[in-house]
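Structure first, then comments.
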Amino acid sequence: MTIRILGISGSFRGRSGTTEAVSRALEGAASIDPEVETQLITLRGKTISPCLHCDACYRKRSLCILKDDFSEILDAMLKADGFIIGSPVYEMNYTPVLNALISRLRCTYLVYPGHFVRRVGAAIAVGGNRNGGQEMVLMNIQNFYNSNDIITCGGTFHSPGGACLYSPDGSYEGTMQDTKGLEASYSVGQRLAQTAALLKFGEAKYLEQGYNMIKTKGWYDVQS
Ligand SMILES: Cc1cc2nc3c(=O)[nH]c(=O)nc-3n(C[C@H](O)[C@H](O)[C@H](O)COP(=O)(O)O)c2cc1C
């Protein structure tokens, strides 16, 4: 059974420590089994408008009507069994371009309610300060997963919320010096892929045995 793990780097930079950390996590994911397929998407050079709250998706029950690079990323996300999202820390949060991507995903609830329920996600954060808000970024990425039915996955004992990295000068080279953070990224990727595989196999077995999946209510069915 193929397990698809999608890595997304929220850095806009060419030589990005975050992109490297996400790549290491994907290497960790691929290391657990030859049937794990990985894909890396970097938001560098992508044009992604934030959600404008035009409500066209809500009125038309459609995916987002804005035309830019979002749709190709959504396609990849819909196919993935697990996610590794990494971001540089910007003002103790994830980057504006990642924020824009996340805001646009809201409409998937309308078209594919419950699509992500057995998907799993992990988080990576890279900061220019040792304690510059990496854990806030991990938490916010996890909040995104929680808002979209995606199960969250931490790392090992030493990186419970995901991998945190520190670049003393904010450069790619600086991030490469953080060997512990890069090792944590690798092991987060392994754990994420393992969990994605267990969930995918588990779902198949569960359905085969005749158990019912709880049907996630669509946006229109839920009274808040
Ligand atoms: C606008 C901006 C805001 C930033 N804010 C923070 C911050 O709050 N905390 C921090 O640790 N680093 C901060 N940084 C530094 C970056 O997180 C750091 O340079 C990081 O290594 C960049 O990762 P990248 O190479 O993957 O782009 C900021 C950088 C920029 C450009």
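Atoms within a ligand are numbered from 1 in the order they appear, just like the ligands themselves.
Ser31 and Gln190 are linked by a side-chain donor-acceptor pair at a separation below 3.5 angstrom, with hydrogens and angles left out of the test.
Within the structure, every pair that satisfies the side-chain hydrogen bond (donor to acceptor under 3.5 Å, both in side chains) test and touches residues 129-150, not counting sequence neighbours, is listed here: Asn93-Asn140.
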Hey, can you pull the donor-acceptor pairs under 3.5 Å for the side chains in residues 7-18, sequence neighbours left out?
| unit_1 | atom_1 | unit_2 | atom_2 | d |
| --- | --- | --- | --- | --- |
| Ser9 | OG | Ser11 | N | 3.3 |
| Ser9 | OG | Thr19 | OG1 | 2.8 |
| Ser11 | OG | Arg13 | N | 3.0 |
| Ser11 | OG | Ser16 | OG | 3.3 |
| Arg13 | NH2 | Gly170 | O | 2.3 |
| Arg15 | NH2 | Glu173 | OE2 | 2.3 |
| Ser16 | OG | Thr18 | N | 3.1 |
| Ser16 | OG | Thr19 | N | 2.9 |
| Ser16 | OG | Thr19 | OG1 | 3.1 |

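Checked by atom type and distance alone, the side chain of Asp81 never pairs as donor or acceptor with a backbone atom of Ala196 at under 3.5 Å.
Closer than 4.0 angstrom to ligand 1 lie heavy atoms from Ser11, Arg13, Ser16, Gly17, Thr18, Pro88, Val89, Tyr90, Glu91, Met92, Val126, Gly127, Gly128, Asn129, Gly132, Ser167, Gly170.
One distance of note links OG1 of Thr38 with CZ of Arg4; it measures 12.0 Å at 0.5 Å rounding.
Partners of Glu203 by side-chain hydrogen bond (donor to acceptor under 3.5 Å, both in side chains), not counting sequence neighbours, listed by chain and number: Arg118.
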